[in-house]
> 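Please see the structure below; I have some questions.
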Amino acid sequence: MSDYDSNNNFMDNTDEQHFGNGSGEYHFNMKKDNSPKRKMPNVKKHAGLAVGLAVGAAAIVLLAGNATYQIQEQEQAVVTTFGVPKAVSETGLHFKIPFIQKVSKVNTTIQGFPIGYELDTDETIEDEGIMITSDYNFIDVDFFVEYRIADPVKYLYTSRTPEEILKNISQSCIRSVIASYKVDDVLTTGKSEIQSKIKEMIMKQMESQDIGIQLVNITIQDSEPPTQEVMKSFKEVETAKQGKETAINNANKYRNEKLPEAEAKADQIIQDAEAQKQVRINEAEAEVARFNAMYEEYTKNPAVTKQRMFYETMEDVLPGMKIVIDSGDSVQKVLPLDSFTGEADTGSGTDSTSNDAASEKEAK
């Protein structure tokens, strides 16, 4: 069989072929291989199978990884199925449908942010911290807001920036409350009341917003005048007020210590007076009863009663008396003779005086 080459030179299918191109002649000896051809293995088929197996294994691993999710103790999850969210609060391992269900996790622990200062550097942010009070004084007040996510679904889908909404509401309530107090109250004694009012206002507004965030607490970190000179004066005023409160507390303490003691003494005096009163009343009633009894006896026999009463009176009076007897002849006798006989004769003199008195009574 004959053929032509690319240069239209005649080629014969023999063992020797001649090629010419006008400038020279080339000779090639080619022999036909009439032996049966060996079939080569299908490498492409085996390679495709291996790739398919690898892709399948990777797909299985990917599906297995996307089919589960883990919820920690301080987390909650929101599973979205075809755009419908559902909250999952149970901790542990959960399953989902890959590529159909989407899981979003939220932190349910108490979180916070500052107002009026940078948390890392503690530098003042004048746009947030500088405020004006009711007596037209400027003051720098720093707050810290604590919150937690109460409803994960509302937190994720009600607003794009729920924390920013909470911060704006907090700043508005803070300025409204601070503007209703005097600077002295903000610096010293009114901090607790101010915090309570601000918290109440923020909670009411957050309920109306309903963005899934719950306010936990808001506290005043620091309050001071905006300049050093004014700050020094206010610190002196605050020191004086604290000294005043200390003095008042000490006075109240002293009063509380002494007042019960004085009341106890007063009660004791009153009780003693009541007891003495009752004693006197009893003695008076006894005297009256004794007098009435004597009067009854006197009315029965007046002469005898008079004589008995006279004798009883003399018995009480005479032993302690000194009797002077004047005989009328310019000679005086003093009975008893204490200055002459001394203490030893006092008893005898007294006895003689008593005997003389008794004899005199009988003579009468």
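Reckoned from all heavy atoms, side chains included, excluding hydrogens, waters and symmetry mates.
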> Could you pull out the closest heavy-atom pair between Val186 and Ser223, with the gap in Å?
O-OG, 3.2 Å
> Of all heavy-atom pairs between Pro162 and Ile211, which one has the smallest distance, and what is that distance?
O-CD1, 3.6 Å
> Check for a donor-acceptor pair, side chain of Lys105 on one end and backbone N or O of Gln70 on the other, with a separation under 3.5 Å.
yes
> Does Glu312, at its CD atom, have more than 12 non-hydrogen atoms belonging to other residues, nucleotides or ligands within less than 6.0 Å?
yes
> Donor-acceptor pair, Gln195 side chain versus Ile220 backbone, under 3.5 Å?
yes
> Answer yes or no: is there a donor N or O on one side and an acceptor on the other, between the side chain of Ser208 and the main chain of Gln205, under 3.5 Å?
yes
> Under 4.0 Å between a side-chain nitrogen and a carboxylate oxygen: does that hold for Lys191 and Asp185?
no
> Linking I/L/V/M/F/W/Y whenever their side-chain heavy atoms sit closer than 4.5 Å, directly or via other members, would Phe144 and Leu166 fall into one cluster?
no
> Looking only at heavy atoms, which two atoms of Gly116 and Asp142 are closest? And how far apart?
O-OD1, 3.2 Å
> Flag yes if more than 12 heavy atoms outside Asp127 fall under 6.0 Å of its CG atom; otherwise flag no.
no
> Quick check against the 3.5 Å criterion: does Thr299 have a side-chain atom that pairs as donor or acceptor with the backbone of Glu296?
yes
> Judged by atom type as modelled, is there a donor-acceptor pair below 3.5 Å linking the side chain of Asn249 to the main-chain atoms of Glu245?
yes
> Tell me yes or no: between the side chains of Asp267 and Gln271, is some donor less than 3.5 Å from an acceptor?
no
> Suppose we screen for side chain to side chain donor-acceptor pair (under 3.5 Å). Which residues come up paired with Thr80, at least two apart in sequence or across chains?
Tyr157
> Quick check on Glu90: does its CD atom have over 12 non-hydrogen neighbours (other residues, nucleotides or ligands) under 6.0 Å away?
no
> Give me the one residue out of Lys86, Lys102, Gln101 that meets side chain to side chain donor-acceptor pair (under 3.5 Å) with Thr81.
Gln101
> Taking side chain as C-beta onward, heavy atoms only, is Tyr136 less than 4.5 Å from Val183?
no
> Output yes when Glu163 and Lys167 qualify as a salt bridge under the 4.0 Å nitrogen-oxygen rule, no when they do not.
no
> Would you find more than 12 non-hydrogen atoms of other residues, nucleotides or ligands less than 6.0 Å from Glu263 atom CD?
yes
> According to a hydrophobic-cluster definition based on side-chain heavy atoms being under 4.5 Å apart (Ile, Leu, Val, Met, Phe, Trp, Tyr only), do Ile218 and Tyr117 belong together?
no
> Please check if Ile149 and Met203 belong to a single hydrophobic cluster, counting links between Ile, Leu, Val, Met, Phe, Trp and Tyr side chain heavy atoms closer than 4.5 Å.
yes
> Are Arg148 and Thr109 close enough that some pair of their side-chain heavy atoms sits under 4.5 Å apart?
no
> Does the side chain of Thr313 pick up a donor-acceptor pair with the side chain of Glu315 at under 3.5 Å?
no
> Are Tyr295 and Lys300 close enough that a side-chain donor and a side-chain acceptor fall under 3.5 Å?
no
> Is the shortest side-chain N to carboxylate O distance from Glu200 to Lys204 below 4.0 Å?
yes
> Should Ile139 and Pro225 count as side-chain neighbours, where that means a heavy-atom distance under 4.5 Å?
no
> Verify, without hydrogens or angle tests, whether Ser196 (side chain) and Ser192 (backbone) share a donor-acceptor contact under 3.5 angstrom.
yes
> Not counting sequence neighbours, which residues clear salt bridge (charged side-chain N to carboxylate O under 4.0 Å, His left out) with Glu261? List them please.
Lys265
